Undergrad: 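Supplied in structure tokens, the structure appears directly below.
Please read all numbers here as calculations on a predicted model, not as lab measurements.
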Amino acid sequence: MAKPRITFICQSCGAVSNRWAGKCDACGEWNTIVEEGPSGGGIGGGPGGLRSSRKGRPVALASLSGEIEDAPRIVSGIGELDRATGGGFVRGSALLVGGDPGIGKSTLLMQAAAALARNGHRVVYVSGEEAVAQVRLRAQRLGAASAPVELAAETNVEDILATLAEGKRPDLVILDSIQTLWTDLADSAPGTVTQVRASAQSVIRYAKSTGSAVVLVGHVTKEGQIAGPRVVEHMVDGVLYFEGEGGHHYRILRTVKNRFGPTDEIGVFEMSDGGLREVSNPSELFLGERHAKAPGAAVFAGMEGTRPVLVEIQALVAPSPLGTPRRAIVGWDGPRLSMVLAVLEAHCGVRFATNDVYLNVAGGYRISEPAADLAVAAALVSSLTGLALPADCVYFGEISLSGAVRPVAHAQQRLKEAEKLGFGQAVMPAGLEETSAAMVRRSFQPSTLADLVARIAGSRRGRPDDD
Ligand code: TYD
Ligand code: MG
């Protein structure tokens, strides 16, 4: 046996070094390097790490076309969850569900477990955080207590795997959470990178070898990283993030990685007394309370994966008492806002230099699409001029640095969704004539951002009640 060696591992990115330092060279984080004992489940290694002297044994090779025993997917029947997983949990795969503490990960998975167990699947729920009584209490609250879910409160990976090996192979195993698991293969404390990685490796190997689907729950730190489990992301087959803003009841399950389906999908839920409720039409949620006559609001016709989502963007432009005006943004990208402001100043003659700018995406939703540029620009100009935008109009389109409005994908679906929700007109990029929606005829297609600014400013003349 080789002499055990002490290593120092960054708890943020998993970088290994042989001396302690205040700052991690790899990721630049401070105070994240922790001394850990000899790492059993070392990088890329099985039990025994990289220095295994065991002679390899040949494994049977198989062909691509062969029998697949069961249906490859386990469908939970919770539509929004199945959408995010790409059509259900995949047998023999490992899925990581990350999110802030208290966001509802355990609730969601308990509901999924109960639904699957009621459909005759064998589901094992292992809680490392809560006692059996606490999990039961939650199940009662969710109306899931009668479902035949098998429950354990355990944290040792070897004990868990031994338990699972008894009886019929489970269809789904939920491990809540990865930070509480520990394996005999590594000496470090639970929650450290070494433990998390070694435990995940054992569990993933179990999933691949038996064909059970395994779901790992992982907590996210304040910085938005899955503490420790970030190093697990590349090992698992899928990563879902469960997110939501404080003060809002809805939750979004976002697909970040999926080896068996599309990413960028979202599932939308609402947290209620009786657990999570599916929201099958998220647009209605994010449009919420709208005031037709208020300046500074524009409705963005966005896409999340394959699904169109309409969401209101609110801007407030106010004279600033500060030398450096404030730019405050909720739900969008800071550099992107700076870019839109710069284009408005440089190409459209609109000045924001002495104004504070506040931008908010309604409902606490987060937009990552560049297609929101046009809606943001419209909201900003509307707030600055005090001219309300038409209440039945949606906006989408990307703005380039030259001030040109560029086409974006899925115009047809965006327009269809807008039409369904009672919108009558659209402002969108030119060159999308092939889209057949009736709204195209009533749409305005500016080729540059300046055209849109001129149109908004021109609406002043058309209003009889204007002062
Ligand atoms: P939980 O699933 O324990 O979060 P996580 O596992 O991500 O840490 O969710 C806890 C929160 O959800 C808690 O603040 C209470 C709330 N909640 C409800 O509002 N309704 C419910 O029916 C349940 C079970 C929880
Ligand atoms: Mg939990």
Undergrad: How long is the gap from CZ on F300 to CG on L374, to the nearest 0.5 Å?
TA: 9.5 Å

Undergrad: Under the side chain to side chain contact (heavy atoms under 4.5 Å, CB included) test, which residues partner A342, sequence neighbours left out?
TA: none

Undergrad: May I ask you to decide if V309's main-chain N or O and E304's side chain share a donor-acceptor pair within less than 3.5 Å?
TA: no

Undergrad: Using the salt bridge (Lys or Arg N to Asp or Glu O under 4.0 Å) rule, collect all pairs that involve residues 396-408, keeping only residues at least two apart or in two chains.
TA: R336-E398

Undergrad: Under the rule for side chain to side chain contact (heavy atoms under 4.5 Å, CB included), what residues qualify as partners of D171, not counting sequence neighbours?
TA: I74, R91, H121, R122, K168, R169

Undergrad: Flag the pair K420 and E417 as a salt bridge only when some basic side-chain nitrogen lies within less than 4.0 angstrom of an acidic carboxylate oxygen.
TA: yes

Undergrad: Can R307 and E80 be counted as an ion pair, charged N to O under 4.0 angstrom?
TA: yes

Undergrad: Closer than 3.5 angstrom, by distance alone: can the side chain of K105 be matched with the main-chain N or O of V217 as a donor-acceptor pair?
TA: no

Undergrad: With a 4.5 Å limit on heavy-atom distance, are the side chains of E243 and I103 in contact?
TA: no

Undergrad: Quick one: side chain to side chain donor-acceptor pair (under 3.5 Å) partners of E130, sequence neighbours excluded?
TA: R138

Undergrad: Applying side chain to side chain contact (heavy atoms under 4.5 Å, CB included), name anything that partners S382, two or more places apart in sequence or on another chain.
TA: P295, L389

Undergrad: Going by heavy atoms in the side chains, are I204 and V214 under 4.5 Å from each other?
TA: no

Undergrad: Could you tell me if the side chain of Y358 sits less than 4.5 Å from the side chain of Q314, heavy atoms only?
TA: no

Undergrad: May I ask you to decide if A318's main-chain N or O and D356's side chain share a donor-acceptor pair within less than 3.5 Å?
TA: no

Undergrad: If you round to the nearest 0.5 Å, how far is SG of C393 from CE of M428?
TA: 11.0 Å

Undergrad: Checking V350 now: which residues fulfil side chain to side chain contact (heavy atoms under 4.5 Å, CB included) with it, not counting sequence neighbours?
TA: L344, C348, F352, L384, V453

Undergrad: Under a 4.0 Å threshold between the charged nitrogen and the carboxylate oxygen, would K208 count as salt-bridged to D237?
TA: yes

